[in-house]
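Just so we're clear, the structure is a prediction, and the values are computed from it rather than from any experiment.
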Amino acid sequence: VTKAIPTMLEVLPKGCSKALGVSKVCEALGLDISTHLLAIGDAENDVEMLRLASIGVAVGNGCAKAKDAADFVMHETNDEGGAGAAMEMFGFGPQS
């Protein structure tokens with residue numbers, strides 16, 4: 001049981017999480033999570049994924065648990081483009 005937003009509770013089968021899903025996708029793609037995974041989140045349901053990633057980023061309006069789990073916290077919120085700013089900051093932006 002976890003929360004994505006204050007008014008919504010998520011109930012998942014035992015052992016299921018965003019971290020598990022991301023790890024399965026990375027495994028299928030042959031990506032090393034410890035060196036090639038940038039995860040961006042804002043909620044309690046992102047905590048495990050943020051800890052798993054080589055770089056975990058919380059957006060500025062993320063909950064305290066997400067911010068504590070992240071390696072880096074953006075100033076921008078999700079409404080201000082925090083996820084896009086994080087991708088640009090960590091190498092996924094326009095190439096010069």
Q: Please identify each residue that fulfils salt bridge (Lys or Arg N to Asp or Glu O under 4.0 Å) with Asp46, with sequence neighbours left out.
A: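 Scan of Asp46 (salt bridge (Lys or Arg N to Asp or Glu O under 4.0 Å), adjacent residues dropped) gives Lys18.
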Q: Starting at CD of Glu80, measure out to NE2 of His75 and round the result to the nearest 0.5 Å.
A: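 Interatomic distance, Glu80 CD to His75 NE2, rounded to 0.5 Å: 11.5 Å.
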Q: Measure across Ala85 and Met74 and return the closest heavy-atom pair with its distance rounded to 0.1 Å.
A: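 Closest heavy-atom pair between Ala85 and Met74: CB-CE, 3.6 Å.
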Q: Side-chain donor-acceptor pairs under 3.5 Å in residues 56-71, sequence neighbours left out?
A:
from, atom 1, to, atom 2, distance (Å)
Asn61, OD1, Asn78, N, 3.0
Asn61, ND2, Asn78, OD1, 2.6
Lys67, NZ, Gly60, O, 2.8
Asp71, OD2, Gly56, N, 2.7

Q: Can you list everything that forms a salt bridge (Lys or Arg N to Asp or Glu O under 4.0 Å) with Glu48? Sequence neighbours excluded, please.
A: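 Result, salt bridge (Lys or Arg N to Asp or Glu O under 4.0 Å) vs Glu48: none returned.
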Q: Show which residues join Leu31 in its hydrophobic cluster (side-chain heavy-atom contacts under 4.5 Å, direct or indirect), or state none.
A: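 Val25, Leu29, listed by chain and number.
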Q: Transitive ILVMFWY cluster of Leu52 at side-chain heavy atoms under 4.5 Å: who else is in it?
A: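 Once heavy-atom contacts under 4.5 Å are chained together, Leu52 belongs with Val22, Ile33, Leu37, Met49.
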Q: Could you grab the distance from atom CD1 of Ile55 to atom CG of Leu50, nearest 0.5 Å is fine?
A: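 The CD1 atom of Ile55 sits 12.0 Å away from the CG atom of Leu50.
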Q: What pairs of residues pass the side-chain hydrogen bond (donor to acceptor under 3.5 Å, both in side chains) test when at least one of them lies in residues 29-41, not counting sequence neighbours?
A: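 For residues 29-41, and leaving out neighbouring residues, the side-chain hydrogen bond (donor to acceptor under 3.5 Å, both in side chains) pairs sorted by first residue read Asp32-Ser34, Asp32-Thr35.
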